[in-house]
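A quick write-up on the structure given underneath.
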Amino acid sequence: MAAEKRTLLSVRNLKKYFPVKSGVFMRTTGYVRAVDDVSFSVREGETLGLVGESGCGKSTTGRTVLRLIEPTEGEVEFDGTSLTKLSSEEMRRLRRDMQMVFQDPFASLNPRMTIGDILEEPLIVHGIGTPQERKEQVRELLHLVGMNEDHMHRYPHQFSGGQRQRIGIARAVALKPRLIVADEPVSALDVSIQSQVLNLLEDLQEQFGLTYLFIAHDLSVVRHISDRVGVMYLGRLVELADRDELYDCPLHPYTQALLSAVPVPDPDAKRERIILQGDVPSPADPPRGCAFHPRCPHVMDICREVRPEFRDRGGGHFVACHLVDK
Ligand code: SF4
């Protein structure tokens, strides 16, 4: 039997609240609960997908995990080291191991720098190699992501969206990280280019044993790349399971509704579309009890009062729903 892979990233009770300020004196009058008590772990070499509608807190979760924004509460452990307790200097050193790929590579690449300089920059910051060795590494990075060394002297605006995302990925792997948080890495790309970039990410994962936290709103994309998938709603995880288990047997009514909207390739396969009523409530004033209850087709009295626990229902299939408890 294959040995269970060890946990690389462990997130416990993570919260990120943003203050809402108003009035002449800009007093804090409330908090937007962007991430509200989220716990999960990612095993070494695994891809954990995080899905949910826009504003559900998945991107804030990714950034808070890397401490690009400071958490309000909670614990993040990377390979046994608690990140929340590290000084900024210790965190800077550990960042080599934890990188991010952004949704919009154009916004994240400095338009005044050549691609060669952009890729060399992280190597300089971390004091890696001589100028000659760094140039060689930049060449290798470009080849690694399917580009060539002639591209070194060009600027970001001279590339297509897909090429720019390849450059963003090359920059993320330049320091040979162990974990990459990819935040909607293909959602700005044409569908035809999306699969090329996803295949590149998979190839790099295999080659370097990378671990991914992959954030996206597109369930088909997440299914393609993930080993396990977590579904977020209003700052909380509502379901998390192995990819096939989640897509074939979703237990939470919100997951069921999301999946019912995904087109199926087989025209004979019937799937009833579940239309959710109402809008997503404000994360500054989330509903009592289960946050999904104003939109849930199966709502019960208990749902309006008591928040369901996010629990393992067997085989690592976590759900937060009173219906499953019954
Ligand atoms: Fe629906 Fe109740 Fe389950 Fe929430 S706890 S998803 S309201 S059945």
Side-chain angles (χ1 to χ4, degrees), residues 11-17 30-41 48-62 72-74 215-220 222-223 226 228-264 270-326:
V11 175
R12 286 191 295 274
N13 308 110
L14 190 70
K15 294 183 182 175
K16 179 64 198 177
Y17 293 179
Y31 290 90
V32 169
R33 298 162 184 229
V35 179
D36 198 8
D37 205 4
V38 164
S39 301
F40 61 86
S41 58
L48 177 72
L50 271 189
V51 287
E53 292 164 295
S54 132
C56 71
K58 53 193 190 307
S59 292
T60 309
T61 300
T72 305
E73 254 182 69
I215 297 161
H217 66 277
D218 184 327
L219 283 121
S220 311
V222 170
R223 180 170 203 171
S226 305
R228 288 186 304 141
V229 177
V231 181
M232 286 189 74
Y233 184 78
L234 219 59
R236 290 175 162 261
L237 270 171
V238 295
E239 186 158 8
L240 188 151
D242 281 350
R243 183 232 350 239
D244 292 339
E245 165 92 2
L246 187 110
Y247 281 78
D248 295 342
C249 183
L251 295 179
H252 196 281
Y254 178 61
T255 314
Q256 291 166 356
L258 281 185
L259 286 174
S260 78
V262 177
V264 279
K270 283 211 174 61
R271 185 191 269 167
E272 203 178 319
R273 175 94 189 255
I274 303 167
I275 310 283
L276 291 177
Q277 304 300 318
D279 295 325
V280 182
S282 164
D285 185 21
R288 272 171 70 101
C290 171
F292 186 57
H293 86 250
R295 304 174 77 197
C296 181
H298 307 288
V299 62
M300 303 171 286
D301 288 344
I302 187 177
C303 308
R304 298 188 178 89
E305 297 298 329
V306 182
R307 180 178 286 165
E309 228 184 294
F310 186 63
R311 285 200 290 117
D312 189 350
R313 314 298 166 145
H317 192 153
F318 288 80
V319 192
C321 176
H322 293 306
L323 203 62
V324 182
D325 288 336
K326 277 177 86 184

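Indexing begins at 1, ligand by ligand and atom by atom, following the structure's order. Along the sequence shown, the residues carry numbers beginning at 1.
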- Message: Using a 3.5 Å distance criterion without hydrogens, assess whether the side chain of Arg243 forms a donor-acceptor pair with backbone atoms of Arg223.
- Response: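 Yes; judged by distance alone, with no hydrogens or angles, the pair exists.
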
- Message: Per the side chain to side chain donor-acceptor pair (under 3.5 Å) rule, what does the pair list look like for residues 308-322, sequence neighbours excluded?
- Response: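 For residues 308-322, and leaving out neighbouring residues, the side chain to side chain donor-acceptor pair (under 3.5 Å) pairs sorted by first residue read Glu239-His317, Glu245-His317, Arg311-Asp325, Arg313-Asp325.
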
- N-O pairing of Lys58 and Asp218 below 4.0 Å: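 Asp218 and Lys58: not salt-bridged.
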
- Excluding waters, how many protein N/O/S atoms sit closer than 2.8 Å to atom 3 (Fe) of ligand 1?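 Step by step: take atom 3 (Fe) of ligand 1, keep protein N, O, S below 2.8 Å, and you get 1.
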
- Test item: Leu259 and Tyr247 side chains (from C-beta on) under 4.5 Å apart, heavy atoms: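 The answer is yes, as the side chains (C-beta and beyond) meet within the 4.5 Å cut-off.
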
- List the steps and the verdict of side-chain contact (heavy atoms from CB on, under 4.5 Å) for Phe318 and Leu237. CA-CA 9 Å; Phe318 288 80; Leu237 270 171; over 6 Å; no

- Evaluate the ring-ring contact (aromatic ring centres under 6.0 Å, His included) criterion for residues His252 and Tyr233: first the C-alpha distance (whole Å), next the side-chain angles of each, then the deciding distance (0.1 Å), finally the verdict. CA-CA 11 Å; His252 196 281; Tyr233 184 78; 7.8 Å; no

